[in-house]
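Data block below; observations after.
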Number of protein chains: 2
Amino acid sequence: MNALSFGVDRTGDGAAVSDTPTVYDVAEQSGVSIATVSRVYRSPDSVRPATREKVLAAARALGYVPSGSARGLASRTTGIIGLCFPDYADPDADSGAGEGDEEAGTLYSDQIIRGMERAARRHGYALLIAASLAGGPESLVAKVAGRVDGFAVLARTVPTEDLEVISRRVPVVMLAGPREIDHMDHIEVANRDGEYQLTRHLLADHGLRRLAFIGSADESPDVGARFEGYRDALREAGLPVPEAPDLRAPLMTRAEGSRATRALLDRPGPRPEALVFANDQMAVGALHTLEEAGVRVPEDVAVTGFDGIPLSRVVRPPLTTVRQPMRRMGEEAAELLIQRVTEAQRTPPVSRVLPVEVTRRGSCGCGEPSGGGASGAALPGAEG
Amino acid sequence: MNALSFGVDRTGDGAAVSDTPTVYDVAEQSGVSIATVSRVYRSPDSVRPATREKVLAAARALGYVPSGSARGLASRTTGIIGLCFPDYADPDADSGAGEGDEEAGTLYSDQIIRGMERAARRHGYALLIAASLAGGPESLVAKVAGRVDGFAVLARTVPTEDLEVISRRVPVVMLAGPREIDHMDHIEVANRDGEYQLTRHLLADHGLRRLAFIGSADESPDVGARFEGYRDALREAGLPVPEAPDLRAPLMTRAEGSRATRALLDRPGPRPEALVFANDQMAVGALHTLEEAGVRVPEDVAVTGFDGIPLSRVVRPPLTTVRQPMRRMGEEAAELLIQRVTEAQRTPPVSRVLPVEVTRRGSCGCGEPSGGGASGAALPGAEG
DNA sequence: TTGAAAGCGCTAACAT
DNA sequence: ATGTTAGCGCTTTCAA
């Protein structure tokens, strides 16, 4: 009743065409059962070498490639882990000739992708990536979820209600944000501690007092945590603790960093001794503006960023910042997922905080003025 | 006979647990047929709103997520395209604290991934990525091939014999290399023309005469094409045309670029007026070494690279190079694959050559000595 | 070591 | 607008 009749179209010389060959075709061609064909691919050693060769030869001749879908359905695993990330770049934006475009350089998500891919590969897994799109039943997320053994989600990518449903069916790890759902795994970086250490350095080691913090309008959890760390340091130093950032940039881009800096310089009253930016991009923008305005860094004002993007070490002066281990985060996520997938019984959800590293460079008055990487102490990580 | 009996484990309050729910469970719970459940996800509009809500509610309650594998098997499409790339970075290498690690910056493959993901997303596709591993029946490549509607392969990633088989079953586009297999699509960049233009610029506009070309030991097709372009320019100028590169670096890294430069400086005879490197990494290494040696660039010697990596514009002096549109290549690949997948009948294989762009900067004696991007004319692309 | 048979969970005609 | 019924191509007991 099944498809032995299922055609392998043949041209004159016997090469397969048009229809995609299946196990049945290979089995027929090599004179074995479909079970044996399957075994050749799943556990070659359980098949006699002679038989194996026969099957492989037939497969080659037919152009046979096992269907991943059929395998996945039958075996209930895919050997794939996934990643959903926000669509920073509008996919419809023109790629143009790629002017200053390149400079965006290594994105947040690129690093995570790289880390995950690497760790996945070590375990024989492939990585499925998809930037978030609209919600709804047929969102990309749902598609991803149905096709992987587990996946990671960058914060603010997938609606919580969707995750609520999905995370019951497949392991999900939330990246860089609050956990949101209590039975999900969760990895974040020490945003608060990082900014605290950085600010403390400005206060204690450089003796600065009038600081300004530039955050973002939409106040992501990450930026929020950084601001908290900033406040912690001020509080500890006995300085007035601001309720809100001195400025909130609509976007955390270089251009906005420039604009924010200009605004800050134009404000009445004494100029801040340090500009603490919520990310590197903005800080780099500030560097440009300050140079134009004839304000020296770090002599007249210190500048700090957050993220540790490659650009931060090549600007002049090199930027003091807090390095986020995004690559590492990707690796941890992959390892965690793969462990979840292979573990016999469900263990309690994990929450992991990755240590960040304060990188002291020229823009705060430290380190060598040029390249290199004088770095401070790594913060201890927490687990639980 | 089928699984209406298929258990939805229930706890006291009726929440589903343990077993993954299927269409049958959702159908039962909402009092419709499995076909209707399927319709709710595939074409919501073909179902009465009231029914749809009922089904969705049940799905939510049960924690139902459609199985991608089952869908793929039944519908014979996956909505996924793939990419196989070489494993530049050893996955087992320690990620360490990430010292100078970051500087590797945006890799070749990152850009392609980004381009493909973006184009894929525009069409509602997700992207499956896998770095190549060993060959054999159970290679990652085979896994990818079986799970996608089509995929792209970076040159020298997958054994030709494997591709031979696989490309018969699913559309494959070869990236950046020779086509290898005649029925495969193929996209490459104008390596030869790019290096030709660049060399010609050195010869014609700067009046240089004694050039040296630094290639690679393994002589990839890309590097080979670049060398050809270099020779074309020399020939055209009536200069002696070398049989082989002046030096072949074992790896195209910065360190090797330094070493090569040292070797070249130590050679007897007049020093070259220009060092033409087969890629940017090596050229950057050269810049360092030349500075150490007290040789001025471009006054004493011009230096050029190839690729247009971000680093090339921040080094001192900024590097004259040929920018490869890798992002664009990713996009083209994705578009091509998706077209192949959706096209009614097979059209002849495509071979596309993407134009590159000579970027004239300080290291050859052009442009502003600092940042920015004075760029020359784009080369025309070819199609066919 | 190999074969036979029963699904895996879904989509896609075809009915109704 | 909804239900019925076959498979999609593979893995997997269970026998032989």
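A note on names: the letters A, B, ... follow the listed sequences, proteins ahead of strands, and every chain is numbered from 1.
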Does the side chain of T22(A) get closer than 4.0 angstrom to OP1 or OP2 of dG9(D) through an N or O atom?
no
Which part of the nucleic acid, if any, lies within contact of S69(A), taking any heavy atom under 4.0 Å across all strands shown: a base, the sugar-phosphate backbone alone, or nothing?
nothing
Taking OP1 and OP2 of dG3(C), is either one under 4.0 Å from a side-chain nitrogen or oxygen of T36(A)?
yes
For a 4.5 angstrom cut-off between non-hydrogen side-chain atoms, does L337(A) reach V148(A)?
no
To the nearest Å, give me how far apart NZ (K143(B)) and C1' (dT11(D)) are.
15 Å
From CG of L73(B) across to P of dG7(D) the rounded distance in Å is 13 Å
Contacts of Y125(B) meeting ring-ring contact (aromatic ring centres under 6.0 Å, His included) (sequence neighbours excluded), chain-then-number -> none
Heavy-atom side-chain contact between V37(A) and Y24(A) under 4.5 Å
no
Between dG9(D) (C1') and D25(A) (CG): distance, integer Å
10 Å
Phosphate OP1/OP2 of dT2(D): any S46(B) side-chain N/O under 4.0 Å
no
Nearest to the side chain of V32(B) - dA4(C), dC10(C), dG3(D)?
dG3(D)
Using the side chain to side chain donor-acceptor pair (under 3.5 Å) rule, collect all pairs that involve residues 332-342 of chain A, keeping only residues at least two apart or in two chains.
R122(A)-E335(A), H123(A)-E335(A), D185(A)-R340(A), R328(A)-E332(A), E332(A)-R352(A), R340(A)-E343(A), R340(A)-T347(A)
Using a 4.0 Å cut-off on protein heavy atoms (strictly under), produce a 5'-to-3' string for nucleotides 11-16 of chain C with B for base contact, S for backbone-only sugar-phosphate contact, and - for none.
BBB---
Return no unless some side-chain N or O of R76(A) is found under 4.0 Å from OP1 or OP2 of dC10(D).
no
Side-chain N or O of T51(A) closer than 4.0 Å to phosphate OP1/OP2 of dT2(C):
yes
Would a 4.5 Å heavy-atom cut-off, applied to side chains only, mark R147(B) and T78(B) as touching?
no
Report yes if some heavy atom in the side chain of H183(A) is under 4.5 Å from a heavy atom in the side chain of R168(A); otherwise report no.
yes
